[in-house]
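To start, the structure under review is shown below, and the notes come after it.
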Amino acid sequence: MNNPLPEHIAKGSRLVVAVDGPAGAGKGAICRAVAEKFGFSYLDTGSIYRGVALLALQKGVTDDEELGKLAGEMPFEFRRVANEGFRAFLAGKDVSNSLREERVGRKASQVAAVPQVRAALLTFQRRYGGEKNIILDGRDTGTVVWSDADLKVFLTASLEERAKRRALELQGKGETVSFHKIRDMMAERDARDESRTHAPLASATDAHYVDTTLLTLDESIDSVVKLVDKLVGNKPR
Ligand code: DC
């Protein structure tokens, strides 16, 4: 938590919902559904770390200062594409599929430990969505990026269950996968994300803890919808 918070980018009157948790806990699917239901904008912060990772792999950049520069100058944006929802663009090219590759996820976890990269991406995250109510997910959205969020959720599930979901997702895309390999890579990534010095994966002390191990996707969505419902209902009009 050593990153300076850019106080000048105020939250204003918009509602901010910050959802954190390990890979495969269901953050993306749940946040997308909540964003759709309540008309919030949505930011998958993992994809911006993946964007830096993809650029680093393409350009062969490994130095921390250079990685920070890459993150600060990254021509990254999300655009809504007809019938496809939000897609990620890097220098005008749709990189959404490349970002989901396992090698990019692994590299993302490495570049995410670099303080220069985290600092460069902080402003991007706080500016995102302008005045609109927003739900965002990641590892430090409730502890660092929006430590003043209106609602914080820590979403998790057992390692076995998360690895099973990821294996099914990849199989659905026609990829041949080994469950054990996925589980081991996930455990390695969890350990790196939790143990890094700068903004490690952690639950904010005031976060609502939601364990989705025994929940279906609909039940998981419902548990977060209930929390947001209360928040929206409480907002002064
Ligand atoms: O959620 P994901 O698997 O797309 O995230 C990829 C990596 O990015 C993850 O291993 C840790 C890092 N990350 C982070 O450090 N902070 C965030 N707010 C989001 C992701």
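Contact between A53 and A108 at its shortest, heavy atoms only, is CB-N, 3.5 Å. S220 and L215 make their closest contact through OG-CB, 3.6 Å (heavy atoms, listed as atom of the first residue, atom of the second, distance). Closest heavy-atom contact between T213 and S158: OG1-N, 2.9 Å. Between L201 and R196, the shortest heavy-atom distance links the atoms N-NH2, 4.2 Å. Residues A199 and V144 approach most closely at CB-CG2, 3.8 Å, considering heavy atoms. Of all heavy-atom pairs spanning L67 and V52, the tightest one is O-CG1, 4.3 Å.
With hydrogens and angles ignored, the 3.5 Å screen pairs a side-chain donor or acceptor of T216 with a backbone N or O of E219. Side-chain N or O atoms of R162 include one that pairs as donor or acceptor with a backbone N or O of A157 at under 3.5 Å. Looking only at distances, no side-chain donor or acceptor of R14 sits under 3.5 Å from a matching main-chain atom of E131.
Two residues are said to be in side-chain contact when any heavy atoms from C-beta on lie closer than 4.5 Å; W146 and L151 fail this criterion. When side chains are defined from C-beta on, E160 counts as touching F179, because their heavy atoms get closer than 4.5 Å. In this structure, V225 and I30 have side chains that are not in contact, with every pair of non-hydrogen atoms separated by 4.5 Å or more.
Side-chain heavy-atom separations under 4.5 angstrom define the hydrophobic clusters, and the remaining members of the one that includes L159 are M186. Under the 4.5 angstrom side-chain criterion for Ile, Leu, Val, Met, Phe, Trp and Tyr, the cluster partners of V177 are L170, I182. Cluster partners of V81, using a side-chain heavy-atom cutoff of under 4.5 Å among ILVMFWY residues and allowing indirect links, are F89.
Atom-to-atom distance recorded for K11:NZ and D150:CG is 3.5 Å, nearest 0.5 angstrom. Between K132 atom NZ and L15 atom CG the span is 12.5 Å, to the nearest 0.5 Å. Taken from CG in L90 to CG in L54, the straight-line distance is 6.0 Å, to the nearest 0.5 Å. Of the inter-residue distances, the one linking R189 atom CZ with Q110 atom CD reads 10.5 Å to the nearest 0.5 angstrom. One finds the CG atom of D190 at 12.0 Å from the CE atom of M185 (value rounded to the nearest 0.5 Å). Rounding to the nearest 0.5 angstrom, the gap separating the CG atom in L217 from the CD1 atom in I221 is 4.0 Å.
Ion pairing between a basic and an acidic side chain is recognised when a charged N comes within 4.0 Å of a carboxylate O; R165 and E169 show no such pairing.
Evaluation of the side-chain hydrogen bond (donor to acceptor under 3.5 Å, both in side chains) rule for K69 yields no partner, not counting sequence neighbours. The side-chain hydrogen bond (donor to acceptor under 3.5 Å, both in side chains) search around R79 returns E77, not counting sequence neighbours. For E73, there are no side-chain hydrogen bond (donor to acceptor under 3.5 Å, both in side chains) partners two or more places apart in sequence or in a different chain. Residues meeting the side-chain hydrogen bond (donor to acceptor under 3.5 Å, both in side chains) test with D206, sequence neighbours left out: K152. By the ring pair (Phe, Tyr, Trp, His ring centres under 6.0 Å) test, F78 pairs with F76, Y128, sequence neighbours left out.
V224 and F154 are not part of a single hydrophobic cluster, where members link through side-chain heavy atoms under 4.5 Å apart.
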Let me check something: any side-chain donor-acceptor pairs from residues 17-28 under 3.5 Å, sequence neighbours excluded? List them with distances.
from	atom 1	to	atom 2	distance (Å)
D20	OD1	R139	N	3.2
D20	OD1	D140	N	3.2
D20	OD1	T141	N	2.9
D20	OD1	T141	OG1	2.9
D20	OD2	T141	N	3.2
D20	OD2	T141	OG1	3.2
D20	OD2	G142	N	2.7
K27	NZ	G21	O	2.9
K27	NZ	P22	O	3.1

Report, one line per pair, each donor and acceptor closer than 3.5 Å where one atom sits in a side chain of residues 37-49; sequence neighbours left out.
from	atom 1	to	atom 2	distance (Å)
S41	OG	N133	O	3.4
Y42	OH	D137	OD2	2.5
D44	OD1	G46	N	3.2
D44	OD1	S47	N	3.3
T45	OG1	D137	O	2.6
S47	OG	D44	O	2.8
Y49	OH	R118	NH2	3.2

Side-chain donor-acceptor pairs under 3.5 Å in residues 95-102, sequence neighbours left out?
from	atom 1	to	atom 2	distance (Å)
S96	OG	R87	NE	3.4
S96	OG	A88	N	2.9
S96	OG	D94	OD1	2.7
E101	OE1	R103	NE	2.8
E101	OE1	R103	NH2	3.3

What side-chain donor-acceptor pairs closer than 3.5 Å can you find for residues 58-66, not counting sequence neighbours?
from	atom 1	to	atom 2	distance (Å)
D63	OD2	E65	N	3.2
D63	OD2	E66	N	3.0
E65	OE2	Q116	NE2	2.9

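Side-chain contact annotation: S109 with R192, donor-acceptor N/O pair under 3.5 Å present.
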